[in-house]
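What follows is a single structure, written as structure tokens, with notes after it.
Residue numbers start from 1 in every chain, and the chains themselves are labelled A, B, ... in the order their sequence lines are given, proteins ahead of strands.
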2 protein chains.
Amino acid sequence: MSDILIKGDNSQSYRAADELFLEFERMIVSGELCDGEALPPEREIVETFGVSRTVVREAILALSNKGLVEAKPRFRPVVRKPNFDTAIDTVGNVVSRLLEEGDGVKNLFDTRIMVEVYLARQAAVDAKRDDMQSLKDALEENEAAINNMDLFFQTDVKFHRVLYAMSGNPLLPSIHRAYITWLKPNWVKMPTLPARNQLNFESHTAIYNAILMRDPDKAEAATRKHLADAWDQINNILSAAK
Amino acid sequence: MSDILIKGDNSQSYRAADELFLEFERMIVSGELCDGEALPPEREIVETFGVSRTVVREAILALSNKGLVEAKPRFRPVVRKPNFDTAIDTVGNVVSRLLEEGDGVKNLFDTRIMVEVYLARQAAVDAKRDDMQSLKDALEENEAAINNMDLFFQTDVKFHRVLYAMSGNPLLPSIHRAYITWLKPNWVKMPTLPARNQLNFESHTAIYNAILMRDPDKAEAATRKHLADAWDQINNILSAAK
DNA sequence: AACTAATTTTAGTCATACCAAACTGGATAT
DNA sequence: ATATCCAGTTTGGTATGACTAAAATTAGTT
């Protein structure tokens, strides 16, 4: 099952570039190389580690591909201490392509329903006062932006982001960001109408009210309806494209 | 927010290796290069594309880092058409290290609770007869393995896998695999006792029965209890290690 | 047909060289 | 003193050739 990982983990690296990569990875994760710091020049690394520039370049390239350094062409690679967002970005392109096949977008959207239904239920059970205030603020910003296309999208995203943040789990905001990143390409294709904004705002309100009333079932129902609407909108775009 | 992605997307690649990488990526995703097929020798690619071996090697390395080819040292890289499992493997090492920090494992485990609670509730609502049979089979295999440490772990994993598969969403099995991969290192450290296996089996039974009775709330409760137990076991290991 | 030895091919590595872009420090202008 | 500009230096991207050890292939043998 986990052949690939096992291989990657326990096999000694026979390539010098791999070992150098691991060394730098260790230094970055341990903080020996700080975030934002630039890597030494390639020729200096050559001297330090006694390997050829070929090896150094391949190691740096690997760091770049894994998102551990940010390497613009002709600039010194800058150390980026990895977090879950960068991890997601690392696979971003591949995932985007995978989503284009078959029901990829639909399947991803279904997992979003899964997450948000859970979050809504959970919020209805144990949302704190501060969180409810944040959610209310986001809701009001959303309402105020109904006639502003761009701003409405932003406040829409923010409302959901607050829901994710309310979980108190720092992984959830990263997951939310991933959903936005991967689903946005389908989203931006559709024309935004004030009428639709109004509908979405009302859906948000329904979710908020259900949570406020401490009614998990109602919160779930409101979330499902909202996301079902959203999917219809995306799906129209997708099927129109065919 | 999505600076990194935008940069990666719209900036023309000024590095020849990047362009070659994109060309191969396209060929792999489009199926022009089939899964399992070996890449041509480096020197042949040099001729075909009129670039130096340096560039070819860097492009291939990038493919390898992204999981689009499997490159054992000294062997020709083998094309691997990407799927969600390989995407997860690509970030596997980095994520593993991230999890080691702070409450990383706990946070990941909490998302697992989120997913499985949802799945259990959903199964209670709309599980099909075939799915229930699969779940029952897995449960019986699990019971039969109570006195066999390794086998119990396998059947334990399988029971949960059936739950993930019942969603009908092909992304969920990949997510399940990710959980196993990332949480297993903590799991294998603990001694397996028949008594604990018995407890876990009974938890599985409770989940199964709740789903069978079409009771989402009870299914959720049983799942939460089971995973809370599991977390206690993991947590004992984690805190003992400190 | 199966096994083994000799040969060829190839990935990994090193060294060197060149170019163009980025960087540096000092001179000049404001 | 600060900003601007220019020349020299450094550095990343690329190309080329060479060498080694391992893999793939072929030839030869049983």
Inset, instruction - Determine, for R97(A) against E100(A), whether the closest basic-nitrogen to carboxylate-oxygen distance falls under 4.0 angstrom. - result: no

Inset, instruction - Provide, to the nearest angstrom, the distance between the NZ atom belonging to K72(B) and the P atom belonging to dT10(C). - result: 18 Å

Inset, instruction - May I ask you to decide whether R112(A) forms a salt bridge with E116(A), counting only side-chain N to carboxylate O separations under 4.0 Å? - result: yes

Close N or O pairs between protein and nucleotides 14-19 of chain C (under 3.5 Å):
unit_1	atom_1	unit_2	atom_2	d
dC14(C)	OP2	S52(A)	N	2.9
dC14(C)	OP2	S52(A)	OG	2.9

Legend entry - Atom-to-atom span, CG of L20(A) to C1' of dG12(C) - whole angstrom: 14 Å

Legend entry - Nucleotide dA20(C), atom C1' - distance to CZ of R15(B) in whole Å: 15 Å

Inset, instruction - Among E42(A), E47(A), E44(A), find the one that has a salt bridge (charged side-chain N to carboxylate O under 4.0 Å, His left out) with R53(A). - result: E42(A)

Legend entry - By salt bridge (charged side-chain N to carboxylate O under 4.0 Å, His left out) - contacts of R74(B) (at least two apart): none

Legend entry - Sugar-phosphate, base or nothing in reach of R76(A), heavy atoms under 4.0 Å: sugar-phosphate

Inset, instruction - Mind checking the CG-CG spacing from L20(A) to L63(A)? Nearest 0.5 Å is all I need. - result: 8.0 Å

Inset, instruction - Rounded off to whole Å, could you give me the CD1-to-C1' distance for the I60(B) and dT13(C) pair? - result: 15 Å

Inset, instruction - Please work out which residues in residues 33-40 of chain B have a non-hydrogen atom less than 4.0 Å from an atom of DNA chain D and list them by number. - result: none

Legend entry - Check ion pair E58(B)-R15(B) (N to O, under 4.0 angstrom): no

Inset, instruction - Give a yes or no on whether a salt bridge exists between D156(B) and R161(B), defined as a side-chain N under 4.0 angstrom from a carboxylate O. - result: no

Inset, instruction - Answer yes if the ring centres of F49(B) and F24(B) are under 6.0 angstrom apart, and no otherwise. - result: yes

Inset, instruction - Report the distance from atom CZ of F49(A) to atom P of dT13(C), rounded to the nearest whole Å. - result: 15 Å

Legend entry - Nearest-Å distance for atom pair CD/P, residues E44(B) and dA24(D): 16 Å

Inset, instruction - Give the rounded distance in Å between these two atoms: CZ of F75(B) and C1' of dA24(D). - result: 10 Å

Legend entry - Rounded distance in Å - CG (L63(B)) to P (dA11(C)): 14 Å

Inset, instruction - Kindly indicate whether a cation-pi arrangement holds for K106(A) with F109(A), taking the cut-offs as under 6.0 Å to the six-membered ring centre and within 45° of the axis. - result: no

